[in-house]
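Taking it in order: structure first as structure tokens, then the write-up.
Ligands are counted one by one from 1 in listed order, and the atoms in each one are counted from 1 as well. Because the structure is a prediction, the values reported are computed rather than measured.
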Amino acid sequence: MTAFTYKNGELHAEDVALSAIAADVGTPVYVYSVAAMTEAYQRFVEALAGQRAQVCYAMKANSNLAVLRTFADLGAGADVVSDGELARALAAGIPAKRIVYSGVGKTREEMAAGIEAGILQFNVESRPELTALSDIAVSKNATVEIAIRINPDVDAATHNKISTGRKEDKFGIDIARAGEAFAQASTLPGLNPVSIAVHIGSQLTDIAPFRSAFGHVAELTRQLRADGVAISRLDLGGGLGIAYAGERVPTPAEYAAMVAETVGDLDCDLIFEPGRYLTGHAGVLLTRIIFIKDTGERRFVIVDAAMNDLMRPALYGANHSIEQVREPAPNAALGEADIVGPVCETGDTFATAHALTDLPAGELVVIRDTGAYGAVMSSGYNSRPLVPEVLVNGGDYALVRPRETLEQQLDRERFAGWQSPERTSQS
Ligand SMILES: *Cc1c(COP(=O)(O)O)cnc(C)c1O
């Protein structure tokens with residue numbers, strides 16, 4: 001991936017100097033590369049070229065409208081998990097027939113909206129959801145295609161908080177009881193069970209858990225077909241990991257070979273729901289150093305981004321590489337520093353004992369590989385404005401989410417009826 005490289009002594013996003021974006025938009029700001037997203041998408045799709053595959057981008061990884069439009073233009077569908085995501089996917093121009101609906105807790109309103117939009121399929125995760133979806137489909141005179149998401153009891157060997165395919169996890173229907181669920185679905189009006197779905201977790205760095213899960217799916221497909229359930233589509237989820245700190249991860253080609261091996265002979269349409277793989281490397285969080293605080297014990301580099309802008313280090317102990325925007329001299333001495341944000345929590349730490357040259361306050365640094373599960377998880381904690389997003393395309397860039405203003409923050413809230421409506425008190 002060459003989207004973020006040094007040119008003329010400065011880190012660029014494609015052909016745009018990050019210092020120019022910082023001067024224009026301010027910091028902190030997320031910067032995404034169209035070229036990097038396109039390259040990741042094409043690598044994934046080309047690896048699967050021998051199969052009837054449709055990518056339904058797991059938009060929870062990065063749901064900015066301009067990012068979605070980039071993938072829509074490449075032919076991607078979307079995997080949505082809420083009313084908000086469905087509305088965004090449609091607004092970005094993703095055709096309803098390329099949208100699948102995931103999630104353990106879809107509300108009746110959300111199911112109704114999905115049916116009205118005419119999406120491709122619902123991935124049903126429980127028996128109560130089956131009956132609820134049947135009721136709603138009947139009330140709308142519709143028949144909806146569904147997958148039953150099975151829980152294959154496979155340990156994805158990833159971070160505990162993003163592992164979803166073990167028996168004790170809340171996701172899917174126990175594969176041992178999938179037969180009963182499909183039998184019930186076949187008798188319920190308004191439902192057409194055509195598909196099996198599986199997603200065992202995120203940031204998988206080993207191919208073996210996928211192989212095991214897809215093997216179980218293949219076995220279930222044969223068994224269901226023998227029982228008269230016409231399975232014609234498999235949704236194999238997402239989860240392909242990316243290298244955050246030089247770790248070895250499976251390539252799309254290795255992943256595709258394993259897919260062919262496990263389910264290739266079943267004559268099924270295949271859906272894939274990559275999220276992180278498509279956007280993770282394609283984004284950086286650009287931030288400026290506010291102060292250097294040397295305690296004698298430790299050197300703290302205090303930056304203007306914080307845990308509310310990028311939660312992954314605080315939430316998952318994630319390790320992101322951090323680089324300076326001004327290119328370091330080839331033999332510059334490296335020191336260790338803790339890179340921290342201004343929020344009043346010790347968890348607001350992006351990196352501990354990170355090797356960095358001796359940078360003064362005012363310098364720009366980037367937190368790399370933050371295009372997935374970055375801006376989408378941001379909040380306004382500490383009354384910090386929601387972080388802006390910039391999309392770069394060659395020598396062009398666009399502000400695709402402006403920084404929230406303090407006025408917008410205040411406008412979202414109301415005083416209670418018994419309080420004075422005046423915003424500023426006269427004292
Ligand atoms: C989160 C999620 C994905 C995407 O996972 P990545 O690791 O980002 O590829 C795909 N499908 C489902 C059902 C998910 O919950």
Side-chain angles (χ1 to χ4, degrees), residues 37 40-41 43-45 47-48 53-63 67-68 71 76-82 85-86 89 98-106 110 114 119-126 129 146-152 154 156-166 169-173 195-207 209-210 213-214 217 234-244 247 249-252 255 259 270-283 311-312 315-316 318 369-377:
M37 290 189 279
Y41 182 84
R43 278 189 70 199
F44 193 87
V45 167
L48 292 158
Q54 170 66 50
V55 168
C56 290
Y57 167 55
M59 61 180 280
K60 74 176 193 275
N62 185 329
S63 56
V67 169
L68 294 179
F71 287 117
D79 170 37
V80 307
V81 296
S82 71
E85 285 197 350
L86 176 61
R98 289 189 191 154
I99 294 177
V100 297
Y101 212 130
S102 296
V104 289
K106 303 174 196 78
E110 287 175 327
I119 66 165
L120 178 66
Q121 76 176 29
F122 285 86
N123 293 352
V124 175
E125 301 218 18
S126 66
E129 186 185 340
I146 66 159
I148 289 181
R149 175 171 175 182
I150 55 109
N151 181 323
V154 168
T158 181
H159 191 282
N160 191 40
K161 289 184 182 167
I162 49 175
S163 187
T164 59
R166 300 163 301 188
D169 297 325
K170 70 181 174 185
F171 301 95
I173 290 180
S195 179
I196 303 170
V198 69
H199 172 76
I200 57 173
S202 192
Q203 185 53 15
L204 273 72
T205 54
D206 185 4
I207 213 95
F210 285 122
F214 298 175
V217 167
L234 302 177
D235 181 340
L236 299 176
L240 190 58
I242 64 170
Y244 284 101
E247 58 270 52
V249 292
T251 63
Y255 177 81
V259 167
L270 301 178
I271 291 174
F272 296 90
E273 303 169 346
R276 186 189 313 268
Y277 180 81
L278 297 183
T279 54
H281 286 315
M311 283 193 64
R312 299 191 68 261
L315 194 58
Y316 312 122
D369 306 317
T370 47
Y373 305 106
V376 282
M377 295 177 101

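Atoms of ligand 1 found under 4.0 Å from any heavy atom of Arg276 (numbered from 1 in listed order, with element): 6 (P), 8 (O), 9 (O). When each atom of ligand 1 is checked for a heavy atom of Asp79 under 4.0 Å away, the hits are 10 (C), 11 (N), 12 (C), 13 (C). Taking a cut-off of under 4.0 Å to the non-hydrogen atoms of Glu273, the atoms of ligand 1 that pass are 3 (C), 4 (C), 9 (O), 10 (C), 11 (N), 12 (C), 13 (C). Of all atoms in ligand 1, listed by their number and element, those nearer than 4.0 Å to a heavy atom of Arg149 are 13 (C). For ligand 1, the atoms lying closer than 4.0 Å to a non-hydrogen atom of Pro274 are 9 (O). Against a heavy-atom cut-off of under 4.0 Å, Gly275 is close to the following atoms of ligand 1: 6 (P), 8 (O), 9 (O). Each of the following atoms of ligand 1 lies closer than 4.0 Å to a heavy atom of Ser102: 13 (C). Heavy-atom proximity to Ala58, at under 4.0 Å, picks out these atoms of ligand 1: 3 (C), 4 (C), 10 (C).
Here Ile162 has no heavy atoms under 4.0 Å from ligand 1, in either its backbone or its side chain. Residue-level proximity to ligand 1 for His199 is carried by the side chain, the only part with a heavy atom below 4.0 angstrom. At a heavy-atom distance under 4.0 Å, only side-chain atoms of Tyr373, from C-beta outward, approach ligand 1.
Between the side chain of Arg149 and the main chain of His199, a donor-acceptor pair closer than 3.5 Å is present. The backbone N or O of Gly241 lies less than 3.5 Å from no partner atom in the side chain of Thr205, so there is not a single donor-acceptor pair. Within the 3.5 Å criterion, the main-chain N or O of Asp79 finds no donor-acceptor partner in the side chain of Ser102.
Between Lys106 and Glu129 there is a salt bridge, since at least one side-chain N of the basic residue sits less than 4.0 Å from a carboxylate O of the acidic one.
For the pair Ala61 and ligand 1, no heavy-atom separation below 4.0 Å is found.
Between the CZ atom in Phe44 and the OH atom in Tyr277 there is a gap of 8.0 Å [rounded to 0.5 Å]. Separation of atoms CD (Glu273) and CE (Met59) is listed at 13.0 Å; rounding is to 0.5 Å.
Exactly one of Ile119, Val81, Asn123 qualifies for a side chain to side chain contact (heavy atoms under 4.5 Å, CB included) with Tyr101. That residue is Ile119.
Here's the thing with Ser202: one of its N/O atoms is less than 3.5 angstrom from an N/O atom of ligand 1.
Here the closest heavy-atom approach between residue Ala243 and residue Val249 is recorded as N-CG1, 3.8 Å. When all heavy atoms are compared, the tightest approach of Leu204 to Pro250 is O-CD, 4.1 Å.
Distance from atom 15 (O) of ligand 1 to its nearest protein heavy atom, with residue and atom name: Lys60 NZ, 2.8 Å.
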